[in-house]
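Report on one structure; see the data block that follows.
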Amino acid sequence: MFRKIFVITVLVFMVSVFFALPVLSESLSGKVEVNSWWTAGGEAEGLNALIKIYESKYPDIEFINATVAGGAGTNAKAVFKTRMLGGDPPDTFQVHAGHELIDTWVIPGYMQPLTDIYESEGWTESMPQGVLDIVSYQGDYWSVPVNIHRSNVLWFNKSIFNKYNITPPRTFSEFFDVCDELKTKGVVPFVMGTKDGWEAAHVFESVLLGKLGTNDYNGLWTGGVKWSDPRVTDALETFAKIASYLNTDHSALTWDEAGQYLLKEKGAMMIMGDWTNGWFMSVGFEDYGWAPPPNNDGIFLALSDSFALPKGCKNQENVIAWLKVLGSKEGQYSFNKAKGSIPARTDIDISDYNDYLKSAAKDWQKDAISPSVVHGAAASEGWTTEYKDVITLFISKPDVSYAQKALVTAAEEYLEK
Ligand code: GAL
């Protein structure tokens with residue numbers, strides 16, 4: 001008799017849990033305002049894939065897609081900051097894992113820990129230690145990483161390379177030989193768009209890496225290597241030479257507008273993060289190849305986009321539901337396939353991702369990893385801004401000695417803090 005009652009009770013319990021779960025998730029209502037700068041091709045598609053999943057799970061929540069255009073968060077970050085400091089926190093906003101998250105938002109006390117959610121969702125098992133580390137501070141996890149982007153990729157137009165029998169340059173000297181040859185053919189050898197004030201600094205990271213290698217490049221940001229090092233001088237001189245092969249309209253173009261040069265077969269090469277892969281997919285361009293920038297073979301310059309839970313945000317439960325979608329298998333699979341990045345989770349089947357992404361996933365496993373500065377992983381925001389400004393000025397007025405002095409001063413200032 002007792003056994004029968006027990007079995008019935010368990011059955012009733014299971015049936016009620018089965019029916020209650022969907023009701024619980026569907027019972028969320030109201031709004032959620034998700035802030036990001038994902039408006040370019042590839043970026044918008046990735047974000048839309050996440051929104052679609054969220055809206056199908058929570059049809060009663062009104063999703064507010066609050067985007068502020070401008071690559072690398074040029075304009076968006078200022079908006080997030082005004083709202084956070086002004087006591088009107090967005091529900092959630094895009095933030096790079098690493099220093100940008102921890103120094104700007106966690107240490108000053110603006111965010112809520114997410115450790116319980118990490119444990120209940122099993123993310124401590126499904127995300128690798130290297131990723132967990134950059135969202136951790138004092139034993140807690142503080143944001144949910146949705147991807148891993150690679151920042152040091154040399155993209156090239158395949159038809160141009162085939163036409164002139166060119167192979168991807170592996171060293172700086174090969175790179176300049178290729179540039180000289182392309183110039184004689186009337187093709188812009190190297191393309192940049194520097195309109196938003198971060199793109200030149202982004203490219204210069206790859207040049208620094210090529211000259212210093214992973215360990216010493218990392219040392220520049222941790223104090224182990226001085227910015228007065230002759231290899232930094234060499235990197236600046238090399239960058240000045242790169243600037244002499246650029247499209248003349250670079251200061252009027254954003255990163256994706258500059259990509260049009262490759263699409264139209266007017267420009268041959270560009271160094272940009274692998275959101276370019278997402279952009280190529282979104283515009284239906286397939287005539288592209290990729291390689292590490294000169295001397296970057298075996299080095300993966302990494303960054304990760306994440307979202308967090310600000311203290312005092314209005315729609316907390318709905319944000320938590322959003323964060324769970326971001327960290328889920330389904331969310332990471334769909335987002336990254338369109339965005340051009342690889343999932344932060346290690347248990348996602350990417351066999352139907354494109355060839356570039358499959359190669360990036362392999363490199364992520366075997367390459368030496370360095371953190372990107374411009375995309376928030378390597379240094380505090382103040383230092384990153386000074387670095388960006390020095391290099392943006394340099395690209396229009398290359399003065400090696402002035403730039404190096406300014407970089408030394410910035411490092412001294414921020415390493416002391
Ligand atoms: C990066 C961001 C990427 C991509 C890129 C260009 O900072 O991490 O997701 O959006 O900017 O906007």
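Indexing begins at 1, ligand by ligand and atom by atom, following the structure's order. In this text the structure is predicted, and so the values were computed from the model without any measurement. No hydrogens, no waters, no symmetry mates; every other heavy atom, side chains included, goes into these values.
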Q. By salt bridge (Lys or Arg N to Asp or Glu O under 4.0 Å), which residues pair with Asp133, not counting sequence neighbours?
A.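 Listed in chain order: nothing, the list is empty.
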**Q.** Donor-acceptor side-chain pairing of Ser370 and Asn218 below 3.5 angstrom
**A.**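 Side-chain D/A pair, Ser370 to Asn218: present.
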Q) Is there a donor-acceptor contact under 3.5 Å linking the side chains of Thr194 and Glu199? A)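 No pair is found: no donor N or O on one side chain lies under 3.5 Å from an acceptor on the other.
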Q. By side chain to side chain donor-acceptor pair (under 3.5 Å), which residues pair with Thr92, not counting sequence neighbours?
A.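 Thr92: no side chain to side chain donor-acceptor pair (under 3.5 Å) contacts found.
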**Q.** Results of side chain to side chain donor-acceptor pair (under 3.5 Å) for Asn75 - residues two or more places apart only
**A.**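 Asn75 satisfies side chain to side chain donor-acceptor pair (under 3.5 Å) with no other residue.
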(Q) Could you check whether Phe190 and Phe175 have their ring centres less than 6.0 Å apart? (A)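 Yes; Phe190 has its ring centre under 6.0 Å from that of Phe175.
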Q.
As a test of reading the model: which residues have a non-hydrogen atom less than 4.0 Å away from ligand 1?
A.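 For ligand 1, the residues that come within the 4.0 Å heavy-atom cutoff are Trp37, Trp38, Glu43, Gly71, Ala72, His96, His149, Trp255, Trp275, Leu303, Asp305, Lys339, His375.
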